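Notes for the one structure printed next.
Every heavy atom of this structure was used, including side-chain atoms; hydrogens, water molecules and symmetry mates were not. Just so it is clear, the model here is predicted, and its values are computed rather than measured.
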Amino acid sequence: MKQIEATNEFVIRFANINGTGSASANGMLAKSFFKLGLPIGPKNIFPSNIQGLPTWYEVRVSEAGYTGRRGGSDVTVAMNPQTFKQDVEHLHPGGYLVYDSTKRLNEDHKRNDINYIGVPISEMARDHFLNAKSREMLKNVIYVGALAALFDIELEVFYGLVREQFPTKPKLHDGNFKALDLGYNYTKEHYPCPCGIKVSKRELVTSKIILNGNEALGLGAVYAGATVVGWYPLTPSTSVIESFSKYCNKFRKSKDGAQHYAIIQAEDEIAAAGMVVGASWNGARAFTATSGPGISLMSEFIGYAYYAEIPMVLFNIQRCGPSTGMPTRTQQSDLLLCAYASHGDTKHIMLFPSSVKECFEFSVRAFDLADRYQTPVFVMSDLELGMNDYVSAPLQWDESYQHDRGKVLNHETLDSMKDKFYRYLDIDDDGVPYRTYPGIHPSGAYFTRGSGHDKFGRYTEDGGLYQENMERISKKFHTAINHLPKPRKIIRDDSFGVGIVSIGTTSEPLHEAAEILKTRGVQVNEMLIVSFPFGDEVREFCENHQQVIVIDQNRDAQLKTLLVNELGLNPESLDSICSYDGNPVMASFLVESLSKKIKENAL
Amino acid sequence: MSYIPKPKVSHPGLAKNKLGLTIRDYEGGLSTLCAGCGHDSITAAIIKSCFELSIEPHRVGKMSGIGCSSKTPGYFLSSAHGFNSVHGRMPSVTTGANAANRNLTYLAVSGDGDTASIGIGQFAHVIRRKLNMLYIVENNGCYGLTKGQFSATADVGSKSKRGVANEMDPIDPAAFALQMGAGFVARSFSGDKDQLVPLIKAGLNYNGFALIDVISPCVTFNNHEGSTKSYAHVRSHEAEVNVVDFIPARNEIAVDYAKGDATQVTLHDGSTMMLRKLDQNYDPENRLEALKQIQTHQMKNEVITGLLFLDPKESEMHDMISTPKKSLREFELAELCPGKEALEALNKSWG
Ligand SMILES: Cc1ncc(C[n+]2csc(CCOP(=O)(O)OP(=O)(O)O)c2C)c(N)n1
Ligand code: SF4
Ligand SMILES: [Mg+2]
């Protein structure tokens, strides 16, 4: 029978039931590949549920460095009877199915083009582990032992990971070691080991780190000097706050126990947004983290902050909408919502991180931009980036970096100013007014309002004065473009035939797809947009190519719509590909759909 | 809320407070509310209170939501920072502001619609958080700004201007605040400055959440016969439980209130409140009693006023979240940033 043969290029998939403790065992296997010097791309595919529903975890191992979702599976560990049939069918021909052979295999679970590795996991667990609770957990470790045998990974690697995982609980070590041994020995005895898929030590990830996007965002906020958080729990954004909390706890506690931060769990997202606005108005750096449903609720305050010109940082970890949608699945479908959030004429700065490193950097940058432009700034991540681990270059901090608080008049300046302070004057002709923090100085006081106001900050219902102020805010928005991170381009074809535009997590599979197309003789250029409003580089890229294809992770081609709307492009001049089933975009999907879209005459 | 600056006429004869300021320095723009609106009387009481307390105007955050009542911060303390937020959401903005800078005085004005209808959720939670602020509800039983619809504080049977009677049970902001755990709860009437000023002063000095529910008739939409929030109704149905006088810590003048039925309460900063009881059974440190009194008087169609409850154990949000005495916004960002070495150590832990 055919056996998949591969070294360091494969996908392993785990099918589990959530709430059974599989995550840490599966994570241990992923980590072992990393420890052996290999790039990995783990992906969690989990239900909106705490216990009892199917959950999958995939790890792509790629010596070539492609860690986006590939699709298909070469090795599947099928531990969930509910999805067993589906998992059997999903496996590539020649693939390996590891399953619990305590019970006999069902007839309709048999395929004759895959390799069955039956390990009596339940039976061994029952015979060796008396404690019912730890028995369940250790079943997962038994299959990790079996995989170690199949992939020919020394058990010592896993022993080390167990010690790392429970540094303070040596009691737990023995059970885990035993479980590893059981799975390993049984598999060695009963099956040819290693199997066709091998893991061979490399040094491709030396000095690299493994981290998820949300953790990097939360840490970025600590580095930015944020002190106030208003938030309301919402998957997949909650772990941003958990990260901020964890690192504040580590870095922001004084010896006397005082906490130099305030994390306030609000009663809802409306209140969370109000807290951010109030704290920023009062001179603290403040933020919230949420997802689509939260943005919908926060909209009134977002418009307020836009019009009254109050800094506000919002991390939007996008998930699959509309409404509650599929809350544990990924999408980039809040682009239009956030670009124009709230009623009236509003427009907002957005940053689109596409990697863990950018999550950290954009998190810090978002606070500088919000302060400098006195406006809401969205960091638009998504569930895929936020809740999965990525191999990344180490995060960096430049000691000479100066936080930018923007145009704030301090006590001394106010004291020596000849002219009276007015809040919304365009002193520097860049649309950006000066502000003061409350309580600093008697002459710094002004009245903050969401109702119509003139450049002096005074209430007005005079159309001309209202409009003058609105025009200045628009000018400010355009000034901001110069300070936003620039798009990144990969030019393979300097005759500018086909240009492909993406944001965020789309870029990784797109890059892989473009490289695959290149091996087939199709050269395409890529542009990764990292911020909104779009600058000239974006317009030029779109205008210079014979054919432009925009990749969207939503049904309605929202990125394309934004490009058309903001740059005045002809909608006919942009082709679009939408992948929005809630799963990370796959390179194989892009290769196929791009091949269909690319026009002969554009090449 | 048009900004009509009042001419600043200097009156050499005007009394000065400890800061050398006159009452004029505590005024704001000219009110654009209807003549006779109860809210304007409350504004006057706020001005008097802040003047007498010698509060530095620019150290006050004037917070409000949306409504006629919420416009009033424009009419007092023109050199304080004002924040006219969105409808029903003033509490969250004040929470954030206070989290950032605990060392300002937060004086908030809201309406009954702003508080008990659209804002009931935020009202409940700001109390639970024990935010250190004075929250004044200017309660007229209707939505003034949108032309007189019933609010959630309208009493059963209370008639609108069009003659329609409200049939839904009212929310009593004072009783609600007591249940949510407020540390300071009072009720007053906009027409009773003698009662209102000491309550505002005490509320401003209270270290925790202080609520004053002020019945404040809307002369345009809700001051007719049949409205329980009208001047006539309140004047004839008011039941005072105590007469309050507030003596700031700095004020050494002995007041001769201690006679008769007076009790004295000392606040955290050393200032004292003298309470002359009108009702012998009334104990202002008993939450249950306060709730009972409110209910009992309500059943008799009476409005109970005075200091209803005061928790002498003053505590506030910052005690719960262990923030330092220095305001968070006073920390330099560089001081808050863990720096390069810490990041390198973290990188190692992720390898
Ligand atoms: C989101 C929203 N919905 C509705 C309104 C319209 N609105 C403005 S003021 C108000 C009611 C104000 O009533 P209250 O708080 O009692 O203040 P009053 O005018 O009676 O002093 C309403 C419904 C609004 N401003 N915002
Ligand atoms: S409408 Fe009523 S509440 Fe509003 S200003 Fe006039 S009297 Fe006052
Ligand atoms: Mg009202």
Side-chain angles (χ1 to χ4, degrees), chain A residues 207-211 219 222-225 227-228 230 247 251-252 254 257-262 264 266-268 270-286 300-301 304 394-399 403 405 437-439 441-442 444-451 458-459, chain B residues 1-3 56-63 66 73-74 78-86 89-101 103-104 121-122 124-125 129 317-318 321-325 327-329 331-340 342-344 346-347 350-351:
Chain A
S207 83
K208 294 255 162 91
I209 60 167
I210 297 190
L211 197 66
L219 182 67
V222 177
Y223 272 73
T227 48
V228 180
Y247 292 114
F251 297 121
R252 294 269 192 82
S254 64
Q259 305 190 348
H260 297 174
Y261 59 96
I264 307 171
E267 54 271 33
D268 55 34
I270 302 176
M275 289 171 192
V276 174
V277 168
S280 294
W281 167 76
N282 216 343
R285 282 196 155 177
E300 191 181 15
F301 267 125
Y304 187 100
L395 305 186
Q396 279 171 346
W397 187 256
D398 176 359
E399 288 290 22
H403 297 90
R405 300 261 23 206
Y437 298 151
H441 194 279
Y446 64 96
F447 204 89
T448 304
R449 47 164 67 86
S451 46
R458 296 185 296 216
Y459 180 86
Chain B
M1 187 186 336
S2 53
Y3 182 92
E56 285 183 274
H58 78 284
R59 303 287 298 168
V60 175
K62 303 180 289 181
M63 317 303 287
I66 294 286
S78 56
S79 44
H81 275 258
F83 198 114
N84 189 197
S85 68
V86 293
R89 320 295 178 196
M90 172 275 286
S92 62
V93 175
T94 312
T95 304
N98 190 315
N101 186 357
N103 295 315
L104 294 187
Q122 296 213 345
H125 290 281
R129 271 183 210 107
M317 179 182 79
H318 287 280
I321 58 175
S322 307
T323 28
K325 287 273 176 274
S327 290
L328 290 176
R329 81 123 187 261
F331 288 87
E332 290 296 327
L333 295 183
E335 208 180 326
L336 296 164
C337 173
K340 189 180 165 99
L343 193 57
E344 276 163 8
L346 286 176
N347 278 322
W350 298 320

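- Put simply, of B:Pro338, B:Cys337, B:Ser79, B:Ala100, the one with the most heavy-atom pairs under 4.5 Å next to chain A is B:Pro338.
- Heavy-atom pairs under 4.5 Å with chain B peak, among A:Gly225, A:Ala445, A:Ala258, at A:Ala445.
- Most heavy-atom pairs under 4.5 Å with chain B, from the set A:Gly230, A:Ala286, A:Pro394, A:Gly257: that is A:Pro394.
- To the nearest 0.5 angstrom, A:Phe301 atom CZ is 5.5 Å from B:Ser85 atom OG.
- Residues meeting the ring-ring contact (aromatic ring centres under 6.0 Å, His included) test with A:Tyr261, sequence neighbours left out: none.
- Contact of B:Ile321 with chain A is made through backbone and side chain together, with heavy-atom distances under 4.5 Å.
- The candidate with the highest count of non-hydrogen atom pairs below 4.5 Å against chain A, out of B:Arg89, B:Glu56, B:Arg59, is B:Arg89.
- Interface remark: B:Met90 contributes no atoms to any contact with chain A (heavy atom separation under 4.5 Å).
- Remark: A:Glu300 engages no residue in a side-chain hydrogen bond (donor to acceptor under 3.5 Å, both in side chains) (not counting sequence neighbours).
- When each of B:Lys325, B:Arg129, B:Met63 is checked for heavy-atom pairs under 4.5 Å with chain A, B:Arg129 comes out on top.
- For B:Phe83, the parts lying under 4.5 angstrom from a heavy atom of chain A are both the backbone and the side chain.
- Taking both residues in full, the closest heavy atoms of A:Gly439 and B:Leu104 are given as CA-CD2, 3.9 Å, listed atom of the first, atom of the second, then distance.
- Only the side chain of B:Leu346 comes within contact range of chain A, with at least one heavy atom under 4.5 Å from a heavy atom of that chain.
- Looking at B:Ala80, the atoms closer than 4.5 Å to chain A (heavy atoms on both sides) all sit in the backbone: N, CA, C or O.
- Rounding to the nearest 0.5 angstrom, the gap separating the CD atom in B:Glu332 from the CZ atom in A:Arg405 is 9.5 Å.
- To the nearest 0.5 Å, atoms CG (B:Asn101) and CH2 (A:Trp281) are separated by 9.0 Å.
- Both the backbone and the side chain of A:Tyr446 come within contact range of chain B, with heavy atoms under 4.5 Å apart.
- One finds the CD atom of B:Glu335 at 10.0 Å from the CZ atom of A:Arg252 (value rounded to the nearest 0.5 Å).
- Of the candidates B:Lys62, B:Arg329, B:His58, A:Pro438 forms a side-chain contact (heavy atoms from CB on, under 4.5 Å) with just one, namely B:Arg329.
- Within the 4.5 angstrom heavy-atom criterion, atoms from both the backbone and the side chain of A:Val222 approach chain B.
- The part of A:Leu211 that comes within reach of chain B is its side chain, from C-beta onward, which places non-hydrogen atoms under 4.5 angstrom from that chain.
- The contact between B:Pro324 and chain A is made by backbone and side chain atoms together, counting heavy-atom distances below 4.5 Å.
- A pairwise comparison of heavy atoms in B:Leu333 and A:His403 identifies CD1-CB, 3.4 Å as the closest pair.
- For A:Phe251, the part lying under 4.5 angstrom from a heavy atom of chain B is the side chain only.
- When heavy atoms are compared at a cutoff of 4.5 Å, A:Ile264 approaches chain B solely by way of its side chain, counted from C-beta outward.
- Of the atoms belonging to B:Thr323, heavy atoms from both backbone and side chain fall under 4.5 Å from chain A.
- Looking at A:Ala224, only its backbone comes within 4.5 Å of chain B, counting heavy atoms on both sides.
- The minimum heavy-atom distance between B:Ala97 and A:Asn282, with the atom names listed, is O-ND2, 2.8 Å.
- Considering only heavy atoms from C-beta on, B:His81 stays 4.5 Å or farther from A:Thr448 through its side chain.
- By the 4.5 Å heavy-atom criterion applied to side chains, A:Ile270 and B:Val86 are not counted as neighbours.
- Residue A:Leu395 comes nearest to B:Asn347 through the heavy atom pair O-ND2, 2.8 Å, listed as atom of the first residue, atom of the second, then distance.
- Across every non-hydrogen atom of A:Gln396 and B:Leu343, the tightest pair is C-CD2, 3.5 Å.
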